[in-house]
Amino acid sequence: MVDETLSHRPAHALLADGTTVCIRAVEPHDHEQLREFYEEMSPENLRLRFFSPSPLSAARAADRASAPAHRGYRALLAERHGQVIGLAEYDTGGTGDEAEMSLAVCDGLHHRGVGTLLVEHLVSAARIEGIAAFTADALGENHEVLRLFADLGLGIARRFEGPEVRCTIRLDEDDTYLSAVEARGRAADVASLEPLLRPHTVAVVGAGRKPGSVGRAILHHLKTGGYTHRLFAVNPGADHILGVPSYPNVGALPKTPDLVVVAVPASAVPGTAEECGKAGVRALLVVTAGLDVDQAHALPALCRSYGMRLVGPNCLGISNTEPGVRLDATFAADHPKPGTAGVAAQSGGVGIALLDGLSRLGIGVSSFASLGDKYDVSGNDMLQWWESDGRTDLALLHLESFGSPRAFSRTARRVTRRMPILTVDAGRTDAGRRAAASHTAAAATRTMTRQALFTQAGITATRSIGELLETAALMHAQPLPAGGRVAIVTNAGGAGVLTADACTEAGLALPPLTPEVIDDLLAVLPEGAAVGNPVDATAAVTEAQLADAVDRLVGHTGVDAVLVALVPTAVAAATGDDLVRAVTRAPARRGKPVAVVRLEQDLPVKLLPAAEGGTIPSYAEAQAAARALAHAARRAAWLARPAGMVPDLDGIDTTRARELTETFLAAHEDGGWLDPRTCADLLACYGIPQLPWEWAETEDDAVIAARRLRGPDGRVVMKAHWPGLLHKSQQHAVHLDLEGDAQVRAAFRDFGTRFAGLLTGVVIQPLAARGTELFAGVVQDEVFGPLVLFGLGGTATEVLADHAARLAPLSDHDVHDLITAPRCAPLLFGADGAGPVDLADLEQLLLRLSRMASDLPQLAEVDFNPVLAAPGGITVLDSRVRLLPRRPQDPYLRRLR
């Protein structure tokens, strides 16, 4: 575990100008480079670093940094094109949880974010080692480094000592620090995407002379799509292709391109990437598919070493419809229509479907990225681009995988407060995730994990491309509803009934109309109208009458949205088009969403132009309209809710918990389930309430323990234990209601007989009081991080599957949602007549479980079942914890995939 803690895997990250550097641990062979790094510094730079320009100081610094790693000391360097450009170190001096920190950046690269990036990585490494604060000395005139410390987002205290300033920097990871890191990362990310999405020069490598090649199709799209900057082809066998000048290789181009589109056979991709890197290209779009393992490893490594951003491979391409750019580097059938929706899709087919659907709706696209195999540029990158491009007001994602879900979640939570983010929840049926290791692992599915991510991040998750476009149409065209109360008005009773069913099934409410609204509607509707909810205006309704009815329903304070269900009739009072016009002539002052359901409509969804500007969505099915409204209502509720916070918890001993974890894994290299005593010790580190218990390995010890633990009713419970035992009830490894010494002895002998060769001891507990049996647990997903589950417990927990899940760390809102989401929630609030359970203690249990999972990445599974919930408190009756030798990782550390 010590070596794991001290190691620092090389990580590529972006500087403020969008260029790439590698951050890695210093190794002994770096000594000569470090010496040269210092020797090439100006005397002024050396003076600010060492307070004097002595060459001896530089030599000693190189010696110290390249020495073998040891606890309490860390040296990280920033490297670009094989050259050291920065160095950061900390040293505890072997004592305490405070370390002296130093920083140096080479001449000519100040103000590029090198030092800040190094310090961020140093802070992350120090936290893993248990260091709580850095101290750093600087000359008072060294304004640059003092400003760097102040802008980190960490708590800082300064003390002036003559010409020097001693800074103490607290390393607490709070939202202020994470937001500061995010802001720096966002600026760097957007800068790095400029050559990709706003290139001034583009070259296509692999454009064939004859029709049929992908490269030629992309070159044609670039030329015909309105791209007005310089465009080249690369083909050694042609001087011109489609009228575009062609050159034999990238190095022969008259100007270095910002973006190169690579459409060559898979075997030639790495060589082409290296050629581009040597020429100074900033971005690659690789549409080629079928890379083998070696090629797939070489491509991103080359892009990192030369500082190129990469889209693909195996993708459809990218486009940016921004005026003055008009980049269409795709091989889709048509050019995307300019608009305001940003689209990112891993699947090329899904990307084409979204582009076509948005163009048909008239929403159009601001920029599009087919991410393909997603070696580098991801949905997270595109969200940050759309956030800053000044054009995008709707984000559509199709992501089959996530590189850093927790970083993606933070980005999405920020972006979705400015624009809707819609996604298709792909891969919902991955049954292989249902491992049988424990109740927790059995309950945690890929679907549950993804849904937790989307829910917590405020992302609107749909189940199909059609549903995605239906929802996008409503959110683009109409204001969000204040709630889920819907009024329906129709010219045919049957259509109204279908629409009412659809709304109810989607979770929307159809409130009864007030007498005042009923009187208003009767005054404007034809005779025979049924004024309930739905409102049946009858086939005799005229255009003017329907328009008045819609306006009056919109004005009703008890209604959040109006659905108008129309069918064509032979009644001469108004044609179908007249009735639609009655809705689309709606004044903009309505301020509530209005949508139309037209059962005869040929397309699933259309956007109808409104007389006073804007559009009204029209759906061919009531279910589609109801689903879209329900998504909009959930988004409105998410926006109206203040951002959650992760509460501070008292009585937490993280140091002791890490010691227990390391000690266990040192003795069990492959990990495993904790024994009852270690498990109880670990839970105690987080103040998790447990039923009193004692461990016994002999019959006499069991009797003595039972005498001490018997409650008022004199009964105890005995549970067998051996390594690997998980489901005690299934193994009949529990004896309940044991009274007197004789029954305790008999139970122990029974276990000894039935589990001979397995039994290592028993756990004795008092018989628990009555209450609601719940379940709580954690699964540490290698991609998503810790997932906290909660729901109904007991022996039937997996059969009933009444569980909810959220990703840790849990905020106060997340805990509330976990408690209220399962079907058993009414029992917790006293629906069975027993009175509400101790909800405050239940919240604390979940928060402490979340904290334990967040602190300990080695925590593979936690299984609390049952958890006894009663008005007087919450108690864990049975617990299991499994550890694995996992390396601690900082999910928010700035680094490229």
Side-chain angles (χ1 to χ4, degrees), residues 439-440 443 641 644-653 657 679-693 709-713 715-717 736 763 765-778 786-797 800 802-806 808-855 862-881:
H439 295 299
T440 308
R641 193 178 193 181
M645 59 169 290
V646 178
D648 291 329
L649 301 173
D650 56 16
I652 303 292
D653 191 347
C679 184
D681 288 346
L682 184 62
L683 268 58
C685 292
Y686 289 90
I688 293 173
Q690 306 170 69
L691 194 67
W693 67 280
L709 289 172
R710 282 193 180 101
D713 59 4
R715 293 176 292 173
V716 296
V717 174
L736 302 172
V763 171
Q765 292 177 308
L767 187 67
R770 299 175 67 101
T772 302
E773 290 189 346
L774 302 174
F775 157 80
V778 167
L787 181 74
V788 180
L789 294 97
F790 172 75
L792 191 64
T795 56
T797 182
L800 297 176
D802 185 18
H803 305 127
R806 292 293 184 270
L810 298 181
S811 70
D812 48 358
H813 293 335
D814 296 331
V815 169
H816 175 269
D817 292 343
L818 266 181
I819 292 173
T820 56
R823 295 186 300 275
C824 68
L827 297 177
L828 308 181
F829 293 89
D832 58 354
V837 305
D838 192 327
L839 295 173
D841 277 5
L842 184 55
E843 291 177 356
Q844 280 290 309
L845 172 71
L846 293 172
L847 288 169
R848 291 172 185 275
L849 180 59
S850 165
R851 173 67 181 273
M852 182 167 67
S854 300
D855 285 349
V862 178
D863 199 71
F864 295 165
N865 185 36
V867 174
L868 189 71
I874 307 296
T875 307
V876 175
L877 302 188
D878 198 74
S879 60
R880 288 176 291 277
V881 174

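Computed from heavy atoms alone, side chains included, the values below leave out hydrogens, waters and symmetry copies.
In this structure, Arg848 pairs ionically with Asp650, as a charged nitrogen and a carboxylate oxygen lie closer than 4.0 Å.
Distance check, rounded to the nearest 0.5 Å: CG of Leu774 to CD1 of Ile874 gives 6.5 Å. Remark: Arg770 CZ to Leu868 CG distance equals 10.5 Å, nearest 0.5 Å. To the nearest 0.5 Å, atom CG of residue Leu709 and atom CG of residue Leu767 are 12.0 Å apart. Taking CG from Leu810 and CG from Leu847, the interatomic distance works out to 6.5 Å, rounded to the nearest 0.5 Å. Summarising the geometry, atom CD belonging to Glu843 is positioned 9.5 Å from atom CG belonging to Asp838; distances are rounded to the nearest 0.5 Å. The distance from atom CZ of Phe864 to atom CZ of Arg880, rounded to the nearest 0.5 Å, is 10.5 Å.
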Val876 vs Leu845, side-chain contact (heavy atoms from CB on, under 4.5 Å): CA-CA, chis, key distance, verdict: CA-CA 9 Å; Val876 175; Leu845 172 71; 4.0 Å; yes
Test side-chain contact (heavy atoms from CB on, under 4.5 Å) applied to Phe790 and Val815, step by step: CA-CA 10 Å; Phe790 172 75; Val815 169; over 6 Å; no
Candidate pair Thr820 and Phe829, rule side-chain contact (heavy atoms from CB on, under 4.5 Å), full reasoning: CA-CA 9 Å; Thr820 56; Phe829 293 89; 4.1 Å; yes
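At distances below 3.5 Å, not a single donor-acceptor pair connects side-chain atoms of Asp863 with backbone N or O atoms of Ser879. Side chain of Gln690 to main chain of Thr875: no donor-acceptor pair is present (N/O by atom type, distance under 3.5 Å, no hydrogens or angles). For the pair Glu773 (side chain) and Val867 (backbone), a donor-acceptor distance under 3.5 Å is absent. Under the 3.5 Å distance criterion, the side-chain polar atoms of Ser850 are left unmatched by any main-chain donor or acceptor of Leu846. Remark: side-chain polar atoms of Asp802 are not paired, donor with acceptor, to backbone N or O of Gly791 under 3.5 angstrom.
Between Ile652 and Arg851, the closest side-chain pair of non-hydrogen atoms falls below 4.5 Å.
Using modelled atom types and a 3.5 Å distance limit, the side chains of Asp653 and Tyr686 yield no donor-acceptor pair.
No option in Val778, Val788, Val862 other than Val862 meets the side-chain contact (heavy atoms from CB on, under 4.5 Å) test with Met852.
Pairs passing the salt bridge (charged side-chain N to carboxylate O under 4.0 Å, His left out) check and including a residue from residues 808-821, sequence neighbours excluded, read Arg641-Asp817.
Around NE2 of His813, the count of heavy atoms belonging to other residues, nucleotides or ligands within 6.0 Å exceeds 12.
Smallest separation of non-hydrogen atoms from Pro766 and Leu691: O-CD2, 3.4 Å. Considering every non-hydrogen atom in both Ala657 and Leu682, the closest pair reads CB-CD1, 3.8 Å. Contact record, Ala805 with Leu789: CB-CG, 4.1 Å, taken as the closest heavy-atom pair.
When the side chain to side chain contact (heavy atoms under 4.5 Å, CB included) test is applied to Val646, the partners found at least two apart in sequence or on another chain are Pro809.
Taking the six-membered ring wherever Trp is involved, the centroid distance between the rings of Phe775 and His803 falls below 6.0 Å.
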